[in-house]
Amino acid sequence: MLVSHRQQWEVRRPLHVGWARYYLLSADHHTRRLGARLRPAARTVAGAAAELRWAARLTAASAAARLERSRPRPWSDGRLLAVLVLTAVGAVAVAAVLGVALAEWMATRPGDVLPAAGGAVVVGAALCALMFLVFASRDRGREENT
């Protein structure tokens, strides 16, 4: 087969290539033409993607700033003690009910370790929530003075 469409204009000598090479050359030629037509659309899509990335970064930064500003005010010692007692009583009650329910569901003895571990996880989650209230709070008056 003779191919000459990829050669310079001055020297147009036919190339002797096989069918497979001819189809590869033809596919390459048409792919380049299609790419030249699609390049403006690709630029538009790339611009839109850059805008979306910028908006996502701006939204993430705004959410982080709002989260930083939304810290709770510090509680008095009496209120913290009341919440601690309430949390402890509730966590122990939930752990006991969960331990008995898991023991019956698993048909084990009430003194087994696995149901108690489930109750310990519940108590730990409750204490983590309480620790957030205690340690994440900050004094608003101290911020205004600095």
Side-chain angles (χ1 to χ4, degrees), residues 1-103 105-106 112-146:
M1 170 164 264
L2 301 175
V3 176
S4 63
H5 77 278
R6 295 287 308 263
Q7 296 178 4
Q8 297 175 358
W9 286 102
E10 300 89 33
V11 184
R12 281 243 164 171
R13 291 188 313 266
L15 297 175
H16 295 284
V17 295
W19 285 99
R21 179 75 176 148
Y22 172 75
Y23 287 126
L24 285 175
L25 286 172
S26 177
D28 183 53
H29 172 71
H30 291 296
T31 304
R32 287 180 190 266
R33 284 182 52 204
L34 182 64
R37 286 185 180 178
L38 293 179
R39 201 164 287 127
R43 282 192 201 112
T44 304
V45 170
E51 288 291 324
L52 288 174
R53 279 194 306 269
W54 174 78
R57 281 193 209 122
L58 187 62
T59 302
S62 173
R66 275 184 288 162
L67 185 63
E68 182 66 25
R69 284 192 308 266
S70 70
R71 284 186 169 178
R73 290 180 184 254
W75 288 356
S76 66
D77 289 340
R79 189 171 181 189
L80 279 175
L81 181 62
V83 169
L84 179 63
V85 168
L86 184 68
T87 303
V89 169
V92 168
V94 168
V97 170
L98 183 64
V100 170
L102 281 177
W105 178 68
M106 293 174 25
D112 280 347
V113 177
L114 191 58
V121 169
V122 172
V123 171
L127 289 178
C128 283
L130 185 62
M131 284 175 43
F132 172 77
L133 285 175
V134 171
F135 293 113
S137 63
R138 58 184 180 190
D139 192 9
R140 300 282 186 203
R142 213 181 293 162
E143 285 178 11
E144 295 168 2
N145 294 334
T146 58

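Just so you know, these numbers come straight off a predicted model, no measurement behind them.
- In this structure, His29 NE2 and Leu24 CG are separated by 14.5 Å, a value rounded to the nearest 0.5 Å.
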N/O donor to acceptor pairs below 3.5 angstrom from side-chain atoms of residues 76-87, sequence neighbours left out:
from	atom 1	to	atom 2	distance (Å)
Ser76	OG	Arg79	N	3.4
Thr87	OG1	Val83	O	2.7

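- For the atom pair CG (Leu38) and OG1 (Thr44), the distance works out to 11.0 Å, reported to the nearest 0.5 Å.
- With hydrogens and angles ignored, the 3.5 Å screen pairs a side-chain donor or acceptor of Thr59 with a backbone N or O of Ala55.
- The side-chain contact (heavy atoms from CB on, under 4.5 Å) test applied to Arg43 returns Arg39, not counting sequence neighbours.
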